[in-house]
Engineer: 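Dropping a structure here in structure tokens format, bear with me for questions.
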Amino acid sequence: MPIKLLIRRTFTRQPTLYIKLFIMLTLSVMMLMNTLIIRDSERYGARTEVLEKSGGYDYIVEPVSEDELYLFSEVPGWEYLDGKVGIILPSGANPSEVSYKLSQRLKEAGSGAMLTSYRSLKESAEFSTFATLMVGVLIFAAGVALVSIWLMYAAYLDTRRADIGTLYSLGAGMKQVRAWLRRELLVLTAAALVLGILLSAVFMFAVIRLCLTDLAGVTPILYRFSPLSMLLVIGMTLGISMAVISLHTRRLAGMSPSELLADTHIPRSSKELRDGRSLEGFFTSASLFRDKKHNRICLFATMPLMVLGIVVSAHFGMYTPEDSARRLGDVQLYVTDSEVALHRSEAEALLNALDPDGRYILTPVDGDTSDDPLIRRMHITFADKSVCDSLLTSEQVQVYKVKDFRAQNADYVRLYAGFGVFFIVFGLCIYADAFLLLATYIGAFLENRRRDILLLGEIGCEERRIVRLYMTQYAVRGGLAILAALPLGLALTGVMSVGLAMPVLPNLVTILPPVLIVALFAAAYVLASMRTTRQIIAEG
Amino acid sequence: MIQVTDITKIYGTGGATVHAVDHVSFTLGEGQFGLLCGASGSGKSTLLSMCGGLLRPEAGEIVVGGENLTQMKPEALAAYRLKRAGYIFQDFNLMKNLTLEENIALPAMIAGRKSYSGNLRELAERVGITGRLLHFPEEVSGGERQRCAIARALINSPSLLLADEPTGNLDADNAAQIVRLLLEINRAGTTVLMVTHDVGLRDYIRENAPSPLLLNMRDGRIYEKIG
């Protein structure tokens with residue numbers, strides 16, 4: 001079987017056949033690789049942050065004076081570090097026992113030193129919700145990659161149908177044809193892997209360095225490219241490609257050379273032609289009932305967009321602060337053991353004493369009627385973390401109850417930033433995927449109907465009407481696909497909401513943007529089909 | 001050479017079935033020139049496809065050179081198409097990305113033959129396309145494409161040549177040349193089974209072939225056998 005000759009000739013004579021498939025494969029590789037780079041970068045960033053804070057120690061105790069060092073006599077692996085003590089536990093030590101005993105000794109001795117544990121953070125320095133999210137995204141990306149490569153490959157095989165039929169009729173066996181197709185897709189996949197991984201590495205480097213600069217300090221993302229992740233992507237992409245080949249060749253094996261050559265298929269009958277039915281209505285319903293393949297393509301190309309749009313939009317809606325009541329301040333002050341309200345002026349005086357520059361925002365939790373004795377809580381949002389730290393350790397604040405929201409707040413910012421990157425990266429890949437897929441299919445669909453289009457013109461149908469006939473088909477199909485994808489998007493949002501244990505409820509404001517994007521997208525390809533139809537008429 | 005016994009081919013399912021070939025039987029001897037004639041839709045191309053191993057019948061048997069095609073596994077059927085039967089299509093079915101030379105060589109390459117260039121040159125000369133071998137199908141005329149398809153069908157020296165309206169897309173001059181070429185191949189000992197609806201060609205072949213067999217078809221059945 002002249003596999004090399006066939007591949008070489010197709011590449012030189014009909015490069016577009018390969019280029020579309022290659023772009024789709026590259027985008028799929030990028031989707032998978034980008035997900036893993038975000039995850040690795042988040043992990044690496046968090047780990048680096050922990051290591052920076054801990055200096056490599058399992059525990060840090062501070063402030064510690066030299067006089068207090070006797071308290072550590074029974075602790076293994078400690079070291080005095082100018083005002084603080086760092087502890088690296090030996091492998092045989094029991095961490096919980098050591099930390100408990102040390103805390104007790106410090107308490108009994110009346111020491112003001114605080115024990116901070118970095119041990120568990122060092123072991124799994126990963127924001128668990130973000131990690132769960134990334135696993136979900138990876139599965140979603142793999143699903144999108146499989147469906148889009150499968151559909152694009154179906155389009156590719158449609159254009160190669162005659163060649164495959166010819167090879168069969170000349171005596172090539174199924175194994176030989178399968179070997180040819182497999183080799184072809186493997187070559188393209190290998191090239192796509194090289195380019196996709198390279199582009200992902202550069203693209204994600206730029207996104208993390210440029211888009212996340214503003215979040216430095218709260219979002220511990222440091223660019224990280226892991227060879228293990230790369231191997232995982234290579235394995236997944238090759239697996240997807242092989243699965244696609246296997247699915248399609250199984251279908252081809254069931255067809256005779258004559259069927260392949262003649263491109264014969266017996267159309268399913270549409271509803272009976274009735275009097276008074278318009279040509280547009282007849283054409284549209286016949287196309288919807290008979291061209292089931294195009295229904296599937298339209299649905300699969302629309303669904304990821306809708307699902308992605310709704311999920312992202314719903315989460316953005318959740319994390320975007322709406323009003324002061326929902327905004328999470330860094331710290332909240334309560335009055336402890338007292339019926340007396342913390343007056344706003346008192347809180348301001350306290351904060352002014354700590355930070356004369358006034359780099360904070362003070363917000364009464366339950367409104368701004370400061371004379372009301374029920375107002376006992378103040379939100380304080382700080383621009384500088386060190387001011388917040390000094391507030392929490394100051395003696396003046398000891399009389400109040402303090403609720404520290406900073407960790408939770410940072411988590412939300414991280415998640416929000418994560419979604420930002422997710423939206424940039426996946427939006428681009430998936431939208432490019434879908435656009436390419438639909439453009440290919442519209443091209444192939446209209447090309448197959450070239451004779452019909454010309455015939456309609458020959459029997460007296462106006463050009464405008466011919467264009468309208470095909471436009472209506474696509475508009476109706478696109479609209480139905482959007483409606484069909486909507487419940488799936490909502491269901492997946494619900495599943496993610498449960499998975500993330502966060503109340504994510506999509507509403508009209510969150511659903512509308514993706515619907516508008518998909519509708520605009522649908523309109524774009526309807527216009528594209530109109531252009532192609534006009535072109536065919538002009539050529540004819 | 002070919003023994004067809006009571007074969008039937010049905011298209012469609014349920015109420016929309018069409019008996020494309022309906023209980024057809026005939027025998028074509030070695031070295032004979034068989035002609036399947038009839039109007040469009042009479043089932044002649046379907047019958048030829050089944051003889052070429054491109055389609056399987058629903059019932060009946062096709063035995064070619066002692067081998068029963070209807071009982072062959074797909075790989076054995078592919079080997080039959082590769083080595084025993086050459087097939088010529090009305091619309092040529094050349095691979096448009098390959099040159100004429102590469103198209104002719106394709107079956108030899110599929111069969112894994114190492115040396116075929118001598119045979120290829122000889123065939124190209126015989127069908128008259130030596131000067132066009134490096135061209136792509138879209139760069140040559142319909143007649144030249146069909147000659148290329150004939151050379152391709154002969155490259156593995158099959159004992160049976162099946163031609164499905166080989167002149168259907170050609171003008172009168174080119175059609176006559178192709179028919180003369182097929183007669184020449186038949187005289188050299190290759191059994192030929194050809195489909196045509198052209199009465200003029202049918203009569204010409206009947207007059208010039210050494211041992212013609214005419215099979216007239218209508219509604220999927222053979223209603224007349226001459227020869």
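Chain naming here is simple, since letters A, B, ... match the order of the sequence lines and numbering starts at 1 in each. Just so you know, these numbers come straight off a predicted model, no measurement behind them.
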Engineer: With rounding to the nearest 0.5 Å, note down the distance linking CD1 in A/Ile3 to CE in B/Met109.
Structural biologist: 12.0 Å
Engineer: Tell me every residue that passes side chain to side chain donor-acceptor pair (under 3.5 Å) with A/Arg534, counting only those two or more places apart in sequence or in another chain.
Structural biologist: A/Glu463
Engineer: Check each atom of B/Lys83 against the heavy atoms of chain A and say whether the ones under 4.5 Å are side chain, backbone, both or neither.
Structural biologist: neither
Engineer: Strictly less than 4.5 Å between heavy atoms, which residues of residues 4-13 of chain A line up against chain B? Please order them by number.
Structural biologist: A/Leu5, A/Leu6, A/Arg9, A/Thr10, A/Arg13
Engineer: Sort by residue number and list every residue of residues 124-132 of chain B having at least one heavy atom under 4.5 Å from chain A.
Structural biologist: none
Engineer: Which of the residues B/Phe136, B/Phe89, B/Tyr87 is involved in the greatest number of heavy-atom pairs with chain A at under 4.5 angstrom?
Structural biologist: B/Phe136
Engineer: Report the residues that fulfil side chain to side chain donor-acceptor pair (under 3.5 Å) with B/Thr99, sequence neighbours left out, ordered by chain and then residue number.
Structural biologist: B/Glu102
Engineer: Which atoms form the tightest heavy-atom contact between A/Ala172 and B/Ala78, and what is the distance?
Structural biologist: O-CB, 3.9 Å
Engineer: Please give me the minimum heavy-atom distance between B/Leu54 and A/Ser256, naming the atom from each residue.
Structural biologist: O-CB, 3.1 Å
Engineer: A/Ala162 versus chain B, heavy atoms under 4.5 Å apart: side chain, backbone, both or neither?
Structural biologist: neither
Engineer: Which atom names give the shortest non-hydrogen contact between B/Leu82 and A/Leu170, and what distance separates them?
Structural biologist: CD1-O, 3.2 Å
Engineer: Within the supplied structure, the quantity of interest is the number of heavy atoms (other residues, nucleotides, ligands) at a distance under 6.0 Å from B/Arg218 CZ; does it exceed 12?
Structural biologist: no
Engineer: Counting neighbours of CZ on A/Arg250 that are heavy atoms of other residues, nucleotides or ligands and sit closer than 6.0 Å, is the number greater than 12?
Structural biologist: no
Engineer: Tell me, yes or no, whether the heavy-atom count around A/Arg178 atom CZ, taken from other residues, nucleotides or ligands under 6.0 Å, exceeds 12.
Structural biologist: yes
Engineer: To the nearest 0.5 Å, what is the distance between CG (B/Leu98) and CG (A/Asp163)?
Structural biologist: 7.5 Å
Engineer: Within a reach of under 6.0 Å around CD of A/Gln14, are more than 12 heavy atoms found that belong to other residues, nucleotides or ligands?
Structural biologist: yes
Engineer: Around atom CG of B/Asn169, are there more than 12 heavy atoms from other residues, nucleotides or ligands closer than 6.0 Å?
Structural biologist: yes
Engineer: Contact part of A/Ser169 toward chain B, heavy-atom cut-off under 4.5 Å: side chain, backbone, both or neither?
Structural biologist: both
Engineer: Could you tell me whether B/His197 atom NE2 has more than 12 heavy atoms of other residues or ligands within 6.0 Å of it?
Structural biologist: no
Engineer: Compare every heavy atom of B/Arg152 with every heavy atom of A/Thr166, then report the nearest pair and how far apart it is.
Structural biologist: CG2-NH1, 3.5 Å
